[in-house]
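Please read the structure below before turning to the comments.
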Amino acid sequence: SSRFNHILFNKNHNFNDVDFIIIYVYNKNNPTVYILTIDDVKRYLQKGYDANGNFSFYCLPKKAYKQPQFENAWHRL
């Protein structure tokens, strides 16, 4: 089975020039893409801190992008 990691965004997460985020998950037997609008991404953003107190934003796979409505959803483009 594939290991899914969270997707990191910088603390400014400026999406002004972006309409979609496309996440490609490589699996030799079953490559998959997840297609999210910027509104989808913003809805699932979480804030996290590192050991030095610096923060960034991220999306968790199962709570954000690894959902059936986003999987191979080329029709969303």
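It should be emphasised that the depicted structure is a prediction, and the values quoted were computed from it without experimental measurement. Heavy atoms only: backbone and side chains are in, while hydrogens, waters and symmetry mates are out.
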**Prompt:** Would you say the side chain of Asn27 lies within less than 4.5 Å of the side chain of Thr32, judging by non-hydrogen atoms?
**Reply:** no

**Prompt:** Phe20 versus Thr37: any side-chain heavy-atom pair under 4.5 Å?
**Reply:** yes

**Asked** Between Asp39 and Lys42, is there a salt bridge with N-O shorter than 4.0 Å?
**Response** no

Return the minimal non-hydrogen interatomic distance between [X] and [Y], and the atom names on each side.
X     : Y     : value
Arg76 : Asp40 : NH1-OD2, 2.8 Å
Ile38 : Val18 : CG1-O, 3.1 Å
Cys59 : Val41 : SG-O, 4.0 Å
Ala64 : Gln67 : O-NE2, 2.9 Å
Tyr34 : Tyr65 : CD2-O, 3.0 Å

**Prompt:** Should the pair Phe57 and Phe55 be assigned to parallel (<30°), tilted (30 to 60°) or perpendicular (>60°) ring geometry?
**Reply:** perpendicular

**Prompt:** If you measure from CG on Leu36 to CG on Asp19, what distance do you get to the nearest 0.5 Å?
**Reply:**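 It is 13.0 Å, given to the nearest 0.5 Å.
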
